[in-house]
Structure formats: C-alpha cells, structure tokens
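Below is one structure, written out as structure tokens, with a few remarks after it.
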Amino acid sequence: MEEKKSKGEEKPARSLNFIEEIIEEDIRKGKNDGRIHTRFPPEPNGYLHIGHAKSICLNFGLGARYHGMTNLRFDDTNPVKEEVEYVDSIMEDVHWLGFDWGNRLFYASDYFDQLYDFAVILIRRGKAYVCDMHAEEISATRGTPTRPGIESPYRNRTMEENLDLFTRMRAGEFPDGARVLRAKIDMASPNMHIRDPILYRILHASHHRTGDAWCIYPMYDFAHGQSDSIERITHSICTLEFEVHRPLYDWLIREIGIYAPRQIEFARLNLSYTVMSKRKLLELVKEKHVSGWDDPRMPTISGLRRRGYTPESIRNFAEIIGVAKRDNMIDVSLLEFCIREDLNKRAIRVMGVLNPVRVIIDNFPDDQVEEMEAVNNPEDPAAGTRRVPFSKELYIEREDFMEDPPNKFFRLAPGREVRLRSAFIITCESVEKNPETGEITVIHCTYDPMTRSGMPESNRKVKGTLHWVSARHAVVSEVRLYDRLFCVPNPDDPEEGKTFKDYLNPDSLKVVKGFLEPSIRDAKAGNKFQFERLGYFVVDIDSHPGALVFNRVVPLRDSWSRAENQK
RNA sequence: UGUCCGAUGGUGUAACUGGCAACACGUCUGACUCUGGAUCAGAAGAGUCCAGGUUCGACCCCUGGUCGGACAACCA
C-alpha cells in the first residue's frame, strides 16, 4: 500500500504563484520563525466588488494554507469618505465569502494614538517637519516625475518648533489645510512619493469611530505600513499601484524603528464588460443607472450574491484566475463558467416558460390531470423526484415551435414529434393564427399515451425534448433577465469625448412574466433553480408569498442559439 | 524626456529554476443523452515582444531596444 503511493499518484499540486514562492522562501530562511500573518485592509468608503474578492481569497487563502492568520482591518483614516454602512457591508461580504477573521477585527483608527507617537519620534529624529504651505503650493513645489521638486521654506525648522507646532495642530489651533506634517526625505527623488510626503493633515471632521477626538488624521502612507507593523503582519499584500509606495513604506518603518512587514504587490482583477472602480460604481448607484450597490448587474459582492452567485463559485473563480503581476482582463465568461459549474451540481431542476404559446393536446381528456414524476437533478440522484401536473392545455416556449423549420431544428413543427420532458411524446397536427397579425395563437397536438416517461414506448427516439407547463397550474411570477451591464468589453477605455457611462447596455435588464410549474410555489429568497433548458435562476429578495420574483443568474450554454447567431 | 513594474495560444495562468511550451476557459469535431444542458473522446490554436550575446542547449541568464502599465490627491 505504502509504496503504491508513488510520486505520480499524489494529488496534482498546482504550481505556486509568485507570492507563495516568496512566502515559502521566507519560511525556508526562517524569517519570522516561519510565522505567516496577512491582512485584508479595505477602506470603508464603498461596497466590496469581485476584485476585492480576489484579494480576500488571496489573503485569507494564504493565511489558511500556511497555518497562519489573517486580520480584517479597516483602513479608516479619511473620515470624510468613510461610513459605518460600508463597514457593515464589508464584514457581511467577507463572511459570506466564507472567511473568518476570528477576534482580529481592527481599524487603523484604533492606532491613532500610537501613530501620533510615531510621528513624534520622527520629529525628534529630525525626519519630519511641519510645513505651513497650502495644498496648491505644495503641489506646485513637488515638481514632476521628470523634474525635481523644490524644498519647502519650512523644511529646516528646529525640532522644538516642529514639536510645538505639531502639538498645536493636534490641539485644534489651526484650521483645515493650514499646516501639514511632512516627512523630510528628498525633494529631488525620482520617486514622487519620496519628495517629503505628507504624513498628517488637519481635518476638523468627525470620524465614524473616534468621533471628534481628533482633528488631524494620518495619510495612507503613514497609517498603512505602521498598522501592518503593529499587527505584526508578515506579508502585506496589495495591488500594483502601491509598488511605488514601497520605498516610503520601508523608509517609515526603518526610521521609526519598528517591526518590518514585507509588502508584495500583485495585479488587480479586471473583468470584461464591467467597471471595477469604487468611484465609478458609486456613480452608477448615485445616478440610478442601477438600483443600488446590490443590483444584480453590479460586480459587487452584494450584487453577485443577489444575482445568485454562490461563495463557492467566486472562491473557485479566484483560484482559477491566478495571481501575477501583469495587467489582465478576465473574460466574464470565465465567471459564468464558475457559477454554471457549481449550480449544475446543486440546483433543483424545474420547468418554466418565459415566452409562452398555447398547446392543446386534442386527444387528452378535457378535465383530466395526470401527475408526472420528474427528476429533480440528474447530476444528483439524492435530490429525488417531484410531481408535475399535466393537462390538456399547456404552455411551451414560443421559440420551440417553427412553422417552416430548417433541417437542424429539433423542436416542434407541423407534423413533427417531440418529447415533452418527463411526460409524453406529442405530434403537432395544426396551428391557429391571429388573422390580423399572423401570430400563432394555438398549436394543436396529439399525444401518445404509451410514451409516458418510464413506459416502454417512451424509449422511442425523438430529436427534441421541450419543457412545458400545464396552463391552468402555472404559477405566474416576475422574472428578471439580466445581461451584461456594458455593451463593450472595456468601458474603462472610452473613445474621445465619451465616458464609461456611454457604453451602458440598454438591455441589461428585461422583465418578463414567467409561467412556472407549481412545485416552485413555496420557494424562498435565495433559493436557486435551474429552469430546464433556460438557465439558472434565484428567488430575489423582492419576492413575496404569492408574488415570486426570480433573477436569472446565467443562461445555460446553448449551442443551438450560438449556431444560429453565427449565421 | 525620470523612477518602478510588466510582456508566453483569443483570455488567464504554468513550465520541476537552463533541457525545444503545459493546464483551464473559449473555439471546433464526434459520441452519448428524456435539458441542443451535463458528461465523454478528440482537434485546431503560441514557438514565448524584437535584436544581439552567454551556453552543447534560453520562455528562463546578460546587453540594448520596442510596447504596455503605475507614479506629480492635505484619497486609499
């Protein structure tokens, strides 16, 4: 037995991504005694989106993989943009995704006292000074990426004066914008972030957690790395745009003289046919292009949840897309693949008709109802069966009938036979039309009682199988058919004179009436189904007893319509 | 005319750290099927941005280019 477990048979370990390689190298070297500690550090100024999900899965995944820990830390150093609503939604979303920060819920604002002390240390060491220039002056003297900046006239104040001024900044003696605390590094550095960056600014604003205790707030650069250090984070993982901040991150830690975490940057996720910046998402919400942060068309975690995505499918997506440093644009079809794969295994099948046409089974007794037994999920025998009523008058999908069909059309047409799923084989005998419009109003068929599912005759080969609903048993519901929010792959890259909003897809939501089999009557919000041959659907929170509302999560793959569309 | 980062099939990620490129999605065949779904079998598709160099041998190392991205908020 033992020897049988040769190398080739061990589970196919996927190769390491570059961050895992760094971590394993650090472990090998005995850095931090092999301890691994990561953190997910959102700013509570918006809802989390699928890009954050990548980061969450990465950070928490690494914590778990290396038997370490992962903190949730709110980077809340800008009171004017941050709100508790966002804090709450972020915690809900991280939990929903399946991750747990235990008792390690932190806020950068928890460290305001300590951060203040760090600033004082820098001042005492002559590494920081109070600058009286206003925002415009500072910006004007910062230079450009290709031209060095000019040193502030306040740069060489004495340590005593700096200390006094900083103390008075904190005491509230000065108005917003009057002064800032700056690091004293190098105004000529080719790295803009090293040109005496601002550490603290005066902001007489009340903070969602510290209230009015402070009127000076640390900048990102002075809060983030120090918070990492305080929490003894070993690997501080962030997105590429912070790469140029790393020298400052390291400088501050070194000059203050505290524990040094290692910052590692990776490429953020871009998804086709959507936008991913909080600013743009907020704009869509505020201008009512969508119903809210949790609109099922939004790439937010709450939107995806409402759309019917599962945490498992999103985690799997995060795993599949990988982690690297090059810019990327992932096709939404990959996300769709992930949710189909997941729901295929678990969603109960049900029949529903969204664009009905009446079918009358001429040889079926008028008032008779037969109960058909239908399999709940062919992928999962344990899901059992249910009963579906069959009667003389049915609905089928209008697209499932053609009066004059091409050869490859396997569905219903005059004289043709099709199977009704879990029921009988029927033959089309004739159609009735609206004389004015030419629209087909009724399709007359006959059924063969010997072909009922399970009976010997039912094995007869027929080309097509249709879903159907007994007209008088149909549960009428609202069905929301969602499509991509934008009609171009990259709305972030508009042509001259246009903005991303010029590419909003006018057909991203279509509301139709659905005629569903009665077994669905008691479905609850969040329940997911496959409407056979159509797609996956979830019961929306707008549902009420007797007035169900469904969201289409994603359509089924449809090689017929794909072939048709290619013509 | 700065600094930093990146460049591998249509998309994304690999390549045991130098041994002529793999996996997934997508695409296309075919089989099977009471979902034109799922499943199964197979195929096409890159010679690794370019030019040199080192080497028996380079996606991998070196040099020089090209292209793309990030950085000039008292945002994060």
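Order of the sequence lines fixes the chain letters, A, B, ..., with proteins taken first and strands second; residue numbering starts at 1 for each chain.
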**Request:** Decide ring-ring contact (aromatic ring centres under 6.0 Å, His included) for A:Phe550 and A:Phe531; before the verdict, give the C-alpha distance in whole Å, the side-chain angles of both, and the deciding distance to 0.1 Å.
**Result:** CA-CA 11 Å; A:Phe550 288 88; A:Phe531 290 2; 5.3 Å; yes

Touch check for [X], heavy atoms < 4.0 angstrom, all strands: base, sugar-phosphate only, or nothing?
X        : value
A:Thr77  : sugar-phosphate
A:Lys345 : nothing
A:Glu243 : sugar-phosphate
A:Ile321 : sugar-phosphate
A:Met219 : sugar-phosphate
A:Pro378 : base
A:Met133 : base

If you only use heavy atoms from C-beta on, which nucleotide in [options] is closest to the side chain of [X]?
X        : options             : value
A:Glu379 : B:G37, B:U35, B:G26 : B:G37
A:Arg533 : B:A15, B:G36, B:U13 : B:G36
A:Phe410 : B:G26, B:G36, B:C5  : B:G36
A:Thr146 : B:A76, B:G12, B:U1  : B:U1
A:Pro145 : B:G2, B:U13, B:A76  : B:G2
A:Ile330 : B:C75, B:G12, B:C25 : B:G12
A:Glu21  : B:G37, B:A72, B:A15 : B:A15
A:Gln530 : B:U35, B:G12, B:C74 : B:U35
A:Ala324 : B:U13, B:A73, B:C75 : B:U13
A:Thr144 : B:A72, B:U35, B:G2  : B:A72

**Request:** Measure from the ring center of A:Phe424 to the ring center of A:Phe390 and say whether it is less than 6.0 Å.
**Result:**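 Centroid separation for A:Phe424 and A:Phe390: below 6.0 Å.
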
**Asked** Yes or no on side-chain contact (heavy atoms from CB on, under 4.5 Å) for A:Arg349 and A:Val375, after CA distance, side-chain angles and deciding distance?
**Response** CA-CA 8 Å; A:Arg349 272 59 169 173; A:Val375 172; over 6 Å; no

Looking only at atom [atom1], what distance separates [N] and [M], rounded to whole Å?
N     : M     : atom1 : value
B:U48 : B:U8  : P     : 12 Å
B:C16 : B:C60 : C1'   : 13 Å
B:C56 : B:U66 : C1'   : 31 Å
B:A31 : B:A15 : P     : 39 Å
B:G47 : B:G36 : P     : 39 Å
B:G57 : B:G53 : P     : 12 Å
B:U11 : B:U1  : P     : 34 Å
B:U3  : B:C61 : C1'   : 24 Å

To the nearest Å, how far apart are [X] [atom1] and [N] [atom2]?
X        : N     : atom1 : atom2 : answer
A:Glu241 : B:C75 : CD    : P     : 17 Å
A:Asp558 : B:U35 : CG    : P     : 14 Å
A:Tyr217 : B:C74 : OH    : P     : 18 Å
A:Ile185 : B:U3  : CD1   : C1'   : 15 Å
A:Arg279 : B:A73 : CZ    : C1'   : 13 Å
A:Asp196 : B:C71 : CG    : P     : 21 Å

**Message:** On RNA chain B, compare the nucleotides closest to A:Lys54 and A:Ser139; which residue's is nearer the 5' end?
**Reply:**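 Upstream on the strand: A:Lys54.
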
**Request:** Could you pick out which residue, A:Met455 or A:Gly322, lies toward the 5' side of RNA chain B when each is mapped onto its nearest nucleotide?
**Result:** A:Gly322

Side chains of [X] and [Y]: donor-acceptor distance under 3.5 Å anywhere?
X        : Y        : result
A:Tyr536 : A:Glu336 : no
A:Arg387 : A:Ser519 : no
A:Glu397 : A:Asn355 : no
A:Thr451 : A:Asp448 : no

Under a 3.5 Å cut-off for both contacts, is [N] paired Watson-Crick or G-U wobble with anything, and if yes, with which nucleotide?
N     : value
B:C32 : none
B:C61 : B:G53
B:A24 : B:U11
B:C4  : B:G69

**Message:** Is A:Trp560 stacked against the base of B:G36, taking the criterion as centroid distance under 5.5 angstrom and interplanar angle under 30°?
**Reply:**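 A stacking contact exists, since A:Trp560 sits close and nearly parallel to the base ring of B:G36.
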
**Request:** Quick one: classify the glycosidic conformation of B:G47 as syn or anti, with syn meaning within 90° of 0.
**Result:** syn

**Request:** Decide, for B:U17, between syn and anti: a glycosidic angle within 90° of 0 counts as syn, anything else as anti.
**Result:** syn

**Given A:Phe40, A:Tyr107, A:Phe106, the one that forms side chain to side chain contact (heavy atoms under 4.5 Å, CB included) with A:Arg73** = A:Phe106

**Item:** Residue from A:Leu420, A:Val353, A:Val469 passing side chain to side chain contact (heavy atoms under 4.5 Å, CB included) with A:Leu394
**Value:**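 That would be A:Leu420; it is the only one of A:Leu420, A:Val353, A:Val469 passing the side chain to side chain contact (heavy atoms under 4.5 Å, CB included) with A:Leu394.
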
On the nucleotide [N], are OP1 or OP2 found under 4.0 Å from the side-chain N or O atoms that [X] carries?
X        : N     : value
A:Arg326 : B:A7  : yes
A:Arg201 : B:A73 : no
A:Arg557 : B:U35 : no
A:Arg562 : B:C28 : yes
A:Arg419 : B:G36 : no
A:Ser559 : B:G37 : yes

Could one point to a donor on the side chain of [X] or the base of [N] with an acceptor on the other under 3.5 Å away?
X        : N     : value
A:His245 : B:A76 : yes
A:Arg349 : B:U35 : yes
A:Arg411 : B:G36 : yes

**Prompt:** Among A:Trp214, A:Tyr217, A:Phe166, whose ring pair (Phe, Tyr, Trp, His ring centres under 6.0 Å) with A:Tyr200 holds?
**Reply:**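 The ring pair (Phe, Tyr, Trp, His ring centres under 6.0 Å) with A:Tyr200 is passed solely by A:Phe166 among A:Trp214, A:Tyr217, A:Phe166.
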
